[in-house]
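The structure appears below as structure tokens.
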Amino acid sequence: MKDRTLFITGASRGIGRAIALRAAREGANVVIAAKSAEPHPKLPGTIHSVAKEVEAAGGRALALALDIRDEQAVAAAVARAAESFGGIDILVNNASAISLTGTLQTPVKRLDLMMSVNVRGTFVCSQACLPHLKSSAQRGRNPHILNLAPPPSLEARWYKDHLAYSIAKYGMSLCVLGMAEEFRAEGIAVNALWPRTLIATAALKLIPGIDPARARKPEILADCAAIIFRRDSRSCTGNFFIDEALLAGEGVHDLSKYAVTPGNERFALDLFVD
């Protein structure tokens with residue numbers, strides 16, 4: 001990823017931060033795009049703290065305060081990123097909102113948030129970055145879009161307990177299906193990545209009944225993203241990668257370093273996977 005430019009949404013903490021630091025260690029330019037410009041009372045990390053970490057790790061950073069629900073702000077942020085680094089080669093649609101609530105327990109305001117961030121935000125960010133990704137393809141820079149989204153499914157069990165969230169998250173998956181085929185001929189890869197187990201992020205701690213001790217670290221997804229970004233964008237597209245399977249395909253079977261609790265082998269499965 002050396003000298004390639006990544007635009008990562010929701011990069012102030014968690015998975016987005018892990019991908020940013022992984023890219024930085026390879027000498028990438030990283031745009032940290034997130035709402036957290038100021039410290040949050042319950043969640044660690046800001047765009048500025050991650051920018052410092054990126055530069056300390058060997059990358060170049062651009063911290064941009066961004067609410068991806070605002071399409072004009074997205075367009076301005078993408079333009080600034082492209083101007084700062086001479087283009088954009090990789091978009092990571094990581095920003096997401098979650099509410100694991102049933103139909104009667106989900107306020108419409110929360111439904112609107114999840115649809116606006118997960119589905120609409122992914123679409124808007126992809127739309128804004130695509131002209132730059134087309135240019136990247138023309139220059140032979142191997143452009144990718146990566147959505148943090150699960151394999152699509154019509155199994156009712158994945159919808160019945162948290163319908164609104166499932167619709168919003170699978171909407172990101174459908175963006176992969178459509179855009180991968182739409183831009184296949186132009187050499188822009190569009191793929192999805194999803195964890196088999198829970199991932200220990202700060203936001204996870206805010207969800208009742210979740211035990212972070214049975215989760216893995218975000219770095220497992222960062223390492224998977226690095227593998228995907230090295231693959232040929234003209235042939236590796238339209239895939240729904242699961243982290244364990246992707247690593248196994250690379251000959252990596254010992255995943256113990258990713259365990260939040262050393263020695264733990266009883267991980268909690270994430271949603272949308274068997």
Side-chain angles (χ1 to χ4, degrees), residues 1-34 36 44-66 68 77-78 80-96 122 125-126 128-130 132-133 135-137 139-149 176 188-195 199 201 216-233 236-237 239 241 243 246-247 250 252 257-258:
M1 286 184 279
K2 183 174 176 56
D3 297 326
R4 293 168 76 193
T5 297
L6 290 79
F7 190 103
I8 307 175
T9 67
S12 59
R13 59 181 64 94
I15 295 167
R17 170 183 172 272
I19 294 175
L21 296 182
R22 180 66 176 78
R25 290 197 295 272
E26 294 191 17
N29 307 316
V30 184
V31 181
I32 302 113
S36 301
T46 69
I47 56 173
H48 304 296
S49 65
V50 175
K52 291 179 181 178
E53 290 181 287
V54 164
E55 292 179 346
R60 297 170 63 199
L62 176 63
L64 296 178
L66 177 63
I68 64 172
V78 168
R80 184 175 172 191
E83 181 181 1
S84 297
F85 295 124
I88 296 172
D89 304 300
I90 296 170
L91 166 64
V92 180
N93 285 310
N94 167 68
S96 187
T122 292
C125 289
S126 299
C129 285
L130 274 162
H132 303 289
L133 297 173
S135 176
S136 175
R139 291 184 289 158
R141 293 179 59 84
N142 203 34
H144 281 257
I145 294 176
L146 182 65
N147 293 356
L148 272 294
V176 171
I188 301 171
V190 187
N191 295 293
L193 175 62
W194 194 247
I199 300 298
T201 64
R216 285 188 172 127
K217 301 174 184 177
E219 283 72 19
I220 189 171
L221 293 179
D223 288 346
C224 288
I227 292 169
I228 295 168
F229 298 151
R230 286 195 292 269
R231 294 187 175 180
D232 181 9
S233 63
C236 177
T237 190
N239 300 289
F241 294 109
D243 56 357
L246 179 62
L247 290 169
E250 296 288 314
V252 180
K257 68 178 182 179
Y258 300 117

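Worth saying up front: this structure is predicted, and the values here are computed from it rather than measured. For reference, positions follow the sequence shown, starting with 1.
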Any donor-acceptor pair under 3.5 Å from [X] side chain to [Y] backbone:
X: T9; Y: N94; value: yes
X: N191; Y: N239; value: yes
X: N147; Y: A192; value: no
X: S49; Y: G45; value: no
X: H144; Y: A225; value: no

Legend entry - Presence of salt bridge, R230 and E250, under 4.0 angstrom: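 Here E250 does not pair with R230 in a salt bridge, since their nearest N and O are not under 4.0 Å apart.
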Would a 4.5 Å heavy-atom cut-off, applied to side chains only, mark [X] and [Y] as touching?
X: V31; Y: F85; value: yes
X: N29; Y: D89; value: no
X: R22; Y: D223; value: yes
X: V30; Y: L62; value: no
X: R4; Y: N142; value: yes
X: I68; Y: N93; value: no
X: L148; Y: V92; value: yes
X: R216; Y: P195; value: no

Supply the atom-to-atom distance [X] [atom1] to [Y] [atom2], rounded to the nearest 0.5 angstrom.
X: T5; Y: L133; atom1: OG1; atom2: CG; answer: 10.5 Å
X: L193; Y: I228; atom1: CG; atom2: CD1; answer: 4.5 Å
X: I19; Y: L146; atom1: CD1; atom2: CG; answer: 6.0 Å
X: L221; Y: F241; atom1: CG; atom2: CZ; answer: 13.0 Å
X: E53; Y: H48; atom1: CD; atom2: NE2; answer: 13.5 Å
X: I15; Y: I8; atom1: CD1; atom2: CD1; answer: 11.5 Å

Inset, instruction - Please say which of L91, I145, I88 ends up in a side chain to side chain contact (heavy atoms under 4.5 Å, CB included) with L130. - result: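 That would be I145.
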Inset, instruction - Return the minimal non-hydrogen interatomic distance between V190 and V176, and the atom names on each side. - result: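 Looking at all heavy atoms of both residues, the shortest contact is O-CG1, 3.6 Å.
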Inset, instruction - Over all heavy atoms of both residues, which pair between A77 and L64 is shortest? Give the atoms and the distance, please. - result: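 In this case the closest contact between A77 and L64 is O-CD1, 3.6 Å.
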Inset, instruction - Would you indicate whether R80, at its atom CZ, is surrounded by more than 12 heavy atoms from other residues, nucleotides or ligands within a distance under 6.0 Å? - result: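 Incorrect, the count does not exceed 12.
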